[in-house]
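Structure first, commentary second.
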Amino acid sequence: MRIYSQNELTCILKHFNLEQQDYTFKALHIGYINDTYLVSLDGRSEYILQRINHGVFEDVDGLMGNIDNTLNHLISKEYCKVELIRTLSDKTYWSEESGYWRIMTYIKNSTTHNTTTSPEIAFEAGKIIATFHALLANIDKDQYVDTIPDFHSLDLREEQFKKALSTSSTEKQEIAKEAILFANEMLSQLKKMAPKVVPIRICHNDTKLNNILFSKETRRALCLIDLDTLMKGCFHYDFGDAIRTIVNTAPEDEKDLAKITFDKELFEAFIQGLAAKSPFLSSEELKALPYGAILMPFLHGIRALTDYLNNNTYYKVSYENQNLDRCLSLFDFTQKAMDELEYMKDLITAQIEPL
Ligand code: GN1
Ligand code: MG
């Protein structure tokens with residue numbers, strides 16, 4: 001990540017409709033895609049400034065339109081409002097040679113969790129995801145652009161994986177031998193398991209635990225952040241991304257696979273959080289949830305493996321083999337979720353009422 005100077009960032013802020021003061025900027029090394037800065041005034045955090053990764057998100061205008069439209073619908077006393085600061089010419093982002101920039105309000109006294117062992121946090125996560133989906137249930141889907149077409153398509157990820165296999169070094173393939181074997185086996189299993197009819201919704205499409213803001217005071221979940229992948233999708237995508245980061249108490253790139261867990265207490269708390277809202281999922285969607293809990297860690301694992309084989313061209317990595325470590329850890333959780341398929345089915349049927 002190229003770190004922009006205080007001066008450069010101050011110049012960018014001048015294009016936005018906010019009081020021009022002596023802000024300070026701190027680079028936050030979060031996420032694998034965008035560059036994020038915390039903007040503070042007199043030691044108080046005020047805004048989040050981001051440089052959008054245009055290599056990954058080609059249609060920035062469409063992406064910002066999706067976010068703007070969604071924020072107008074995420075209004076409820078059970079959901080904390082995040083606002084986009086517009087530019088002086090009333091646009092939702094500023095673009096110049098250095099890239100595409102946007103600013104959002106910072107929610108005071110908020111925090112995120114990379115991992116958790118707390119059933120209370122798992123419950124809150126389930127509840128806020130349910131609230132988010134209930135608020136967006138009747139939104140006009142045609143207004144949305146696909147910010148990354150086929151983002152969670154298994155076929156696309158398989159194709160990219162096969163292409164990477166055909167061009168990568170034999171040395172890398174040897175190092176990743178077991179992961180490649182597992183990927184091929186799971187691809188054929190998941191194809192057989194895929195649900196036939198699942199309704200399309202507007203989904204967040206990246207509901208990992210650290211994309212949920214929590215209040216430091218009340219410990220309640222406040223809202224979802226990182227809205228770049230808001231677009232059409234199936235609820236089981238958002239379910240699976242939450243499960244892979246909540247029910248597994250270890251981080252996504254954990255090297256010690258013995259630490260990867262499928263923690264049933266956390267799973268149950270998350271399900272109870274979903275069930276705490278009035279029913280919003282159809283019976284087809286409920287049936288697809290266990291599949292989502294296996295699909296999503298696998299999809300992220302195969303994407304990380306593909307990027308490892310491609311010499312780390314997509315994700316930012318902090319060390320050479322990070323993508324391989326992420327893959328192995330995500331594949332390990334995939335297998336652990338697979339082993340709990342029947343348990344998940346029974347619990348979901350017992351706890352969540354369909355629409
Ligand atoms: C990427 O940069 P970040 O963490 O928001 C990725 C997600 C993954 C995530 C972690 C556009 O998101 O799909 O869940 O890494 N986003 C994109 O694995 O590829
Ligand atoms: Mg993201």
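Whatever order the structure lists ligands and atoms in, that order sets their numbers, starting from 1. Side chains included, hydrogens not; waters and symmetry mates left out as well; all remaining heavy atoms used. In this chain, residues are counted from 1 in sequence order.
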Among the N, O or S atoms of D206, the one nearest the Mg ion (ligand 2): OD2
Checking contacts here: is it the side chain or the backbone of I148 that comes within 4.0 Å of ligand 1, counting heavy atoms only? Could be both or neither. side chain
Under a plain distance cut-off of 3.5 Å, with no hydrogens placed, do T117 and T249 share a side-chain donor-acceptor pair? no
Atoms of ligand 1 less than 4.0 Å from Y314 heavy atoms? 11 (C), 17 (C), 19 (O)
Can you sort out which atoms of ligand 1 are near E252, meaning under 4.0 Å from one of its heavy atoms? 10 (C), 18 (O)
Nearest-neighbour protein heavy atom for atom 8 (C) of ligand 1, which is reported as residue plus atom name and distance: H300 CE1, 3.5 Å
Protein heavy atom at shortest distance from atom 4 (O) of ligand 1: K208 NZ, 2.4 Å
Contact region, R244 to ligand 1, non-hydrogen atoms below 4.0 Å, reads side chain
Return the closest protein heavy atom for atom 2 (O) of ligand 1 as residue, atom name and distance. Y32 N, 2.5 Å
Closest to the Mg ion (ligand 2), among the N/O/S atoms of D226, is atom OD2
For D206, is at least one N or O under 3.5 Å away from an N or O on ligand 1? yes
Has R2 got its NZ or CZ under 6.0 Å from the middle of the six-membered ring of Y4, at an angle within 45 degrees of the ring axis? yes
The single option from L309, L305, T306 passing side chain to side chain contact (heavy atoms under 4.5 Å, CB included) against L165: L309
Based purely on interatomic distance, does T229 place a nitrogen or oxygen under 3.5 Å from a nitrogen or oxygen of ligand 1? no
Does any N or O in the side chain of D238 come within less than 3.5 Å of the main-chain N or O of T207, such that one atom is a donor and the other an acceptor? no
Strictly under 6.0 Å, is that where the ring centroids of F267 and Y343 end up? yes
Under 4.0 Å from a heavy atom of R326: give me the atoms of ligand 1 that qualify, with their elements. 10 (C), 18 (O)
Among T261, N248, I260, whose side chain to side chain contact (heavy atoms under 4.5 Å, CB included) with D332 holds? I260
Distance-only side-chain donor-acceptor flag, N34 / D228, under 3.5 Å: yes
Donor on one side chain, acceptor on other, D206 and N211, under 3.5 Å: yes
Looking at the rings of Y106 and Y47, which for Trp means the six-membered one, are their centres under 6.0 Å apart? no
Enumerated ligand 1 atoms positioned under 4.0 Å from heavy atoms of D226: 5 (O)
Strictly under 4.0 Å, does any heavy atom of R303 approach an atom of ligand 1? yes
Distance under 6.0 Å and angle within 45° of ring axis: R244 vs F262: no
State the atoms of ligand 1, each with its element, that fall below the 4.0 Å cut-off from a heavy-atom position in F57. 11 (C)
Which bit of I33 gets closer than 4.0 Å to ligand 1, counting heavy atoms only: side chain, backbone, both or neither? both
Between Y144 and T70, does a side chain to side chain donor-acceptor pair (under 3.5 Å) hold up when you go through it step by step? CA-CA 9 Å; Y144 282 76; T70 307; 2.6 Å; yes
Backbone or side-chain N or O of D241 under 3.5 Å from ligand 1 N or O: no
